[in-house]
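Note that the coordinates shown come from a computational prediction; the quantities given were computed from them, not determined experimentally. Chain identifiers are assigned alphabetically (A, B, ...) following the order of the sequence lines, protein sequences preceding nucleic acid strands; residue numbering begins at 1 within each chain.
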There are 2 protein chains.
Amino acid sequence: MAVDLVIFTIIDAQLRVLLVRRGEAPFKGAWALPGGFVRVGESPRAQGEDLDAAARRELHEETGLDPERVHIEQLATFGKAGRDPRTRVISVAYFALVRPDLAPIVKAGGDAAHAQWFPVEGLGELGLAFDHGEIFEVALARVRAKLEYSDIAFDLVPLTFTIPELRHVHAIVLAKEMDPGNFRRRFNRMLEDGFIEQAPGKRITASKPATVYRFKRR
Amino acid sequence: MAVDLVIFTIIDAQLRVLLVRRGEAPFKGAWALPGGFVRVGESPRAQGEDLDAAARRELHEETGLDPERVHIEQLATFGKAGRDPRTRVISVAYFALVRPDLAPIVKAGGDAAHAQWFPVEGLGELGLAFDHGEIFEVALARVRAKLEYSDIAFDLVPLTFTIPELRHVHAIVLAKEMDPGNFRRRFNRMLEDGFIEQAPGKRITASKPATVYRFKRR
DNA sequence: TAAATAGTGTCTATGAGACATTATGTA
DNA sequence: TACATAATGTCTCATAGACACTATTTA
């Protein structure tokens with residue numbers, strides 16, 4: 001019983017996923033999703049950790065990040081026989097979204113040769129260990145779908161942000177440009193609905209400064 | 001490692017879920033979702049059955065239905081410590097949709113006292129065993145959500161159906177009346193898109209007969 | 001002929017997409 | 001002043017909701 005994590009962030013205007021290099025067989029030397037086994041206990045009293053807790057623990061172990069500051073969500077469970085050549089392993093996959101201002105901490109803290117942020121483009125040809133390529137594909141599709149109808153874009157942006165910055169997140173994740181005017185219209189509806197509020201100050205850019213906002217509830 | 005099934009059908013114009021009465025402790029005498037343990041093997045060669053295969057096997061064992069003729073889909077995995085008081089059990093939940101013309105077979109084949117179709121209304125107050133109440137709630141929410149943007153309505157209707165019949169399925173599942181004209185408009189778009197085709201004959205009713213259709217691809 | 005229900009048409013509001021235009025800062 | 005980009009406005013089209021109306025069958 002394992003958990004695997006598909007951890008996304010945005011670095012250099014690219015959507016990226018954290019991968020770790022395997023140090024042992026099988027798939028020694030290949031890149032894989034971070035993950036590990038769930039701590040389970042057989043006795044009625046000590047049954048071990050919750051699945052969600054295991055996912056948050058792995059997130060912390062691999063990135064050093066505080067799980068409270070990262071969006072983490074169950075994705076699906078992968079349990080084909082033979083997916084791990086050693087023995088039967090059923091893996092509950094989670095996806096996580098790390099705000100880009102927190103991503104550098106990961107690189108500084110971890111072993112750069114061991115863990116690395118890979119752009120999602122071309123990641124399919126990397127030949128991930130186990131069935132991790134498939135898990136990644138499912139995660140990417142889920143994140144893209146949820147971006148359209150949920151709040152998760154705010155988990156890929158610093159605590160304060162401008163409308164153009166949020167629009168870039170959409171463009172990067174969906175790999176498709178968004179119309180500035182139409183995006184602003186949708187954003188203004190969220191503003192009216194009270195999901196967002198204006199933050200003090202202006203974001204200084206190369207030209208006209210932009211209004212700064214922050215996500216309200218949470 | 002277990003699988004649990006939330007099996008839906010429509011009987012007497014009500015959305016219903018198949019529950020089984022537990023014959024053993026814990027929760028002896030309580031109603032529970034059908035399910036069972038996944039057959040796992042430790043050896044690299046014989047690792048046991050796939051998760052999806054386990055779900056289909058359980059479906060067949062509990063209902064006698066051919067899994068090929070039933071929509072079945074992974075829902076989520078429930079793994080809180082203590083959810084089974086005996087020992088640690090992690091359960092991968094699936095939901096299934098049984099066409100109403102197949103549902104009577106289930107009742108005829110099984111032990112009526114052991115397995116029963118319960119209307120979803122008031123099922124929360126039934127006090128299901130384990131965390132099955134929670135699993136049911138998640139499944140119901142998922143089915144309702146998918147009804148709006150996917151094909152699953154066709155899995156809750158006989159192979160041929162009329163527009164009013166399909167509309168009733170929506171009304172029953174969502175517990176909300178649909179406007180006949182507006183529903184027909186959406187239906188006609190699917191017809192133009194080639195998802196549906198007309199079937200021979202007419203459905204005889206108490207008044208004007210209705211045109212019969214069938215779902216195309218699969 | 002009355003009742004019931006299948007099936008059609010219309011009006012309005014909302015949101016998406018495409019795109020033109022204005023406003024306001026920096027270099 | 002030139003340039004970049006934030007911010008606003010407009011036109012069109014697709015769809016949803018509400019609802020009035022017509023068509024066709026049975027009792």
Side-chain angles (χ1 to χ4, degrees), chain A residues 13 144-151 153-154 157-158 160-215, chain B residues 10 13 144-154 157-158 160-215:
Chain A
R144 284 179 169 161
K146 288 204 77 166
L147 197 70
E148 310 267 23
Y149 67 88
S150 81
D151 288 348
F154 300 107
V157 102
T160 66
F161 51 86
T162 67
I163 298 180
E165 283 165 5
L166 191 67
R167 177 165 54 85
H168 281 124
V169 168
H170 277 77
I172 289 164
V173 174
L174 301 176
K176 190 183 78 176
E177 277 309 312
M178 310 287 293
D179 180 273
N182 298 338
F183 187 86
R184 185 173 295 270
R185 183 173 47 192
R186 268 177 53 183
F187 187 92
N188 282 333
R189 267 198 290 271
M190 286 191 281
L191 195 60
E192 287 164 21
D193 292 349
F195 289 105
I196 300 160
E197 64 187 355
Q198 204 173 329
K202 287 267 180 181
R203 182 82 83 242
I204 304 304
T205 70
S207 63
K208 178 177 175 179
T211 308
V212 179
Y213 299 89
R214 65 175 155 234
F215 189 58
Chain B
I10 291 178
R144 284 179 169 161
K146 287 203 79 167
L147 198 71
E148 309 268 23
Y149 67 85
S150 81
D151 288 348
I152 63 169
F154 300 107
V157 103
T160 66
F161 50 86
T162 68
I163 297 180
E165 283 165 5
L166 191 66
R167 177 164 55 85
H168 281 125
V169 168
H170 277 77
I172 289 164
V173 174
L174 301 176
K176 191 183 77 177
E177 277 309 312
M178 309 288 291
D179 181 272
N182 298 336
F183 188 86
R184 185 174 294 270
R185 185 172 48 193
R186 268 176 56 184
F187 187 92
N188 282 333
R189 267 197 289 273
M190 286 191 283
L191 194 62
E192 287 165 21
D193 293 349
F195 289 105
I196 300 160
E197 63 187 357
Q198 203 174 327
K202 288 265 179 184
R203 181 83 81 244
I204 303 304
T205 72
S207 63
K208 179 176 175 180
T211 308
V212 179
Y213 299 89
R214 64 175 155 235
F215 190 59

message: Judged by each residue's nearest nucleotide on DNA chain C, which is more toward the 5′ side, B:A206 or A:T205?
response: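 Closest to the 5' end, via its nearest nucleotide, is B:A206.
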Using every non-hydrogen atom in the two residues, find where [X] and [Y] come nearest and quote the distance to one decimal.
| X | Y | value |
| --- | --- | --- |
| B:L166 | B:F154 | CD2-CE2, 3.8 Å |
| B:Y213 | B:Q198 | CD2-CA, 3.8 Å |
| A:A153 | A:V169 | O-CG1, 4.3 Å |

message: Considering every strand and a 4.0 Å limit on heavy-atom distances, what is the contact class for A:T162: base, sugar-phosphate, or nothing?
response: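 Nothing, no nucleic acid heavy atom in range.
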- prompt: For B:P164, which contact category applies under a 4.0 Å heavy-atom criterion: base, sugar-phosphate, or nothing?
  reply: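 Sugar-phosphate contact only.
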Output the single nucleotide from [options] whose closest atom is nearest the side chain of [X].
| X | options | value |
| --- | --- | --- |
| B:S207 | C:dA6, D:dT25, C:dC19 | D:dT25 |
| B:P209 | D:dG17, D:dA7, D:dT25 | D:dT25 |
| B:D179 | C:dA6, C:dA16, D:dA18 | D:dA18 |
| A:N182 | C:dG7, C:dT24, C:dC19 | C:dC19 |
| B:N188 | C:dT8, C:dA6, D:dA6 | C:dT8 |
| A:K208 | C:dA16, C:dA6, D:dA7 | D:dA7 |

Gap between atoms [atom1] and [atom2], on [X] and [N] respectively (whole Å):
| X | N | atom1 | atom2 | result |
| --- | --- | --- | --- | --- |
| A:E192 | C:dT14 | CD | P | 12 Å |
| A:R184 | D:dG9 | CZ | P | 11 Å |
| A:K176 | C:dA16 | NZ | P | 12 Å |
| A:F187 | D:dT8 | CZ | P | 12 Å |
| B:E165 | C:dT5 | CD | C1' | 13 Å |
| A:Q198 | D:dA7 | CD | C1' | 13 Å |
| A:E148 | C:dA16 | CD | C1' | 12 Å |
| A:I204 | D:dA6 | CD1 | P | 12 Å |

message: Distance alone, cut at 3.5 Å: any donor-acceptor contact between the side chains of B:R185 and B:N182?
response: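 The criterion, which ignores hydrogens and geometry beyond distance, is satisfied for B:N182 and B:R185.
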- request: Would you kindly compare A:K202 and A:R185 by the position of their nearest DNA chain D nucleotide and give the one closer to the 5′ end?
  value: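 It is A:K202, whose closest nucleotide lies nearer the 5' terminus.
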message: Does D:dA7 have OP1 or OP2 under 4.0 Å away from a side-chain N or O of A:T211?
response: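 It does, given that an N or O in the side chain of A:T211 lies less than 4.0 Å from OP1 or OP2 of D:dA7.
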query: Within the pair A:R189 and C:dA16, is there a side-chain N or O less than 4.0 Å away from OP1 or OP2?
result: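 Yes.
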message: Using side-chain heavy atoms (C-beta onward) and a distance below 4.5 Å, is B:I196 in contact with B:R214?
response: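 The answer is no, as the side chains (C-beta and beyond) never meet within the 4.5 Å cut-off.
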